[in-house]
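Since the structure comes first, as structure tokens, the remarks are kept for the end.
A note on names: the letters A, B, ... follow the listed sequences, proteins ahead of strands, and every chain is numbered from 1. The basis for the numbers below is simple: all heavy atoms, side chains too, and nothing from hydrogens, waters or symmetry mates.
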Number of protein chains: 2
Amino acid sequence: MSKPPARIRLADAAFALFDERGYEQTTVDDIADRAGVGRTTFFRHYRSKEAVIFPDHDRLLELIRDRLATSSHSTALVAVSDAVRLVLLHYVDEGELARRRYALTSKVSALRDREIASVARYQRLFREFIADWMGDPTESASLRAEIMAAAVVAAHNHVLRRWLRGESPDPVREVDEAMSEVLALFPAPSGHEDGGAGGTTVVAFRTGQDLDALLPSLRRLVEGGTGAGH
Amino acid sequence: MSKPPARIRLADAAFALFDERGYEQTTVDDIADRAGVGRTTFFRHYRSKEAVIFPDHDRLLELIRDRLATSSHSTALVAVSDAVRLVLLHYVDEGELARRRYALTSKVSALRDREIASVARYQRLFREFIADWMGDPTESASLRAEIMAAAVVAAHNHVLRRWLRGESPDPVREVDEAMSEVLALFPAPSGHEDGGAGGTTVVAFRTGQDLDALLPSLRRLVEGGTGAGH
DNA sequence: CCGGGCCACGGTATTCAGTACCATACGCGG
DNA sequence: CCGCGTATGGTACTGAATACCGTGGCCCGG
């Protein structure tokens, strides 16, 4: 009844107006007016007109960074898969909101460009992480890290966009399969190979994640025979 | 003695001022003033303040499109390599100008974002081309096309940035090697395999390019045994 | 009940990018 | 000399983004 906080009202008003009149045809004043706040308040909550569409990219970056940080050499690829799944789940959780955003970014090139720039920041995180993981400071390893990061992000985006278009009933399964396919492209680095052929490697570790969220990775590691080997 | 055309004077003035005061600290008026023209003239030659740094991305896009268009199914991967080399050569030909631009994009996030958006457009071209080439309309092929395009572009960017930083004495060789590495990651699609084992496939075609520019691709096709096979 | 600090908010003014419109000068063929 | 196209300059306007200031609520110790 009363009112949700200004931040929410502003976002609601923005999406509504963008739907009605289009992005360029909507001024920040319009948004502030409909939200019942002053123009100043808008910019207090969102750095720019575009930012109202992409509220929490920074938080998402932190999420990825954290997930990657909690990994050892042998669990690096699992961490990558997990981080990718994390991002996907974030959007899936947004539900209809993510789809409205997608509709906007599909039409307005300024927004599409901004989205792409954000994705590039994810990619950078992955690139740096993978390069560290490889250890090898040679130019060839650096190139491979870059390619691998690009492939990882491309796979994620592909599945995400499919879900956004309503073409994917089970995006989590799809992204796990896609990641499996991507990681299979790249042979494992120097790493100490565990034992010989056959058998199962058990890795014990502690994480803040739900077991459910981890299961797909575990299953893939055990069944797929991939994740490290070729 | 007289004066170079306004377009050039504007670009010179812009780069000079960006070096002196920085990008944000330079207004379009400043640039126009130093170039000795009116503010209107600036916007007649460049759509925006950022565009003065990236004059010919559209032309570059056309270049890629054209090169990809002049290819058959069996020469598709050569076309991709060529197109990538084309882009790299474009920047290398710019020489110091490209390096000044790189210095700017490294410091100013707005410019970096725009650069990234441009690269995404190249990537899209490659993605569509590769998807067409694969023919296969299944979701799995579509994913692979996306990953492949991302890998191709990542390889290019990697080499380009190395050259921009002065770390690559022979970027063309490097990019050819990088492309070779990338394409080797992906098994060939359905395509009709030519003959059996051994032998050499000769493909005759006509192109507007210098033979020198094509040689590396040819050599790779003959020697590497890759470009299609695994 | 009362100051005092904190904080969210609103309003005003300013800068600057980008667009629209109009006026002018130059070159060139009729 | 006239007509025409083109490059240019100037002026004015919209709108995003920033800076600054004032104000009203709200909590808290007195």
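Spacing between atom CG of Leu111(B) and atom P of dA17(C) amounts to 13 Å, rounded to whole angstrom units. In this entry the distance linking CD of Glu24(A) with C1' of dT19(C) reads 13 Å, nearest Å. Rounded to an integer number of Å, the gap from CZ of Arg9(A) to C1' of dG10(C) is 13 Å. Whole-Å rounding puts the Asp33(A) CG to dC9(C) P distance at 16 Å. A straight line from NZ of Lys49(B) to P of dT15(C) spans 15 Å, rounded to a whole angstrom. Nucleotide dC21(C) holds its P atom 16 Å from the CZ atom of Arg39(B), rounded to whole Å. The CZ-P distance, from Arg47(B) to dG18(C), rounds to 11 Å in whole Å. Atom NE2 in His45(B) sits roughly 16 Å away from atom P in dG18(C) (whole-Å rounding).
Among dG18(C), dG10(C), dC22(C), the nucleotide with an atom closest to any side-chain atom of Arg44(B) is dC22(C).
For the salt bridge (Lys or Arg N to Asp or Glu O under 4.0 Å) condition, the pairs that include at least one residue of residues 153-165 of chain A, sequence neighbours left out, are Arg161(A)-Glu146(B), Arg162(A)-Glu167(A), Arg162(A)-Glu174(A), Arg162(A)-Glu139(B), Arg165(A)-Glu167(A).
By the 4.0 Å N-to-carboxylate-O rule, Asp176(A) lies too far from Arg173(A) to be salt-bridged with it.
More than 12 heavy atoms of other residues, nucleotides or ligands lie within 6.0 Å of CZ in Arg21(B), so this atom counts as buried by the packing criterion.
Aromatic rings from His156(B) and Tyr122(B) are positioned such that their centres are separated by 6.0 Å or more.
Lys49(A) forms a cation-pi arrangement with Tyr23(A), by the criterion of a distance under 6.0 Å to the ring centre and an angle within 45° of the ring axis.
Bounding nucleotides for the chain A contact on DNA chain D, 5' to 3', at a heavy-atom distance below 4.0 Å, are dG15(D) to dT18(D).
Among the protein residues, Thr40(B) comes within range of the nucleic acid bases, having at least one heavy atom under 4.0 Å from a base atom.
Of the residues near DNA chain C, Ala6(A) and Phe43(B), the one whose nearest nucleotide (by heavy atom distance) lies more toward the 5' end is Ala6(A).
Residues Pro171(A) and Tyr91(A) have side chains not in contact (no heavy-atom distance under 4.5 Å, counting atoms from C-beta outward). The closest side-chain heavy-atom distance from Val87(B) to Leu63(B) is not below 4.5 Å.
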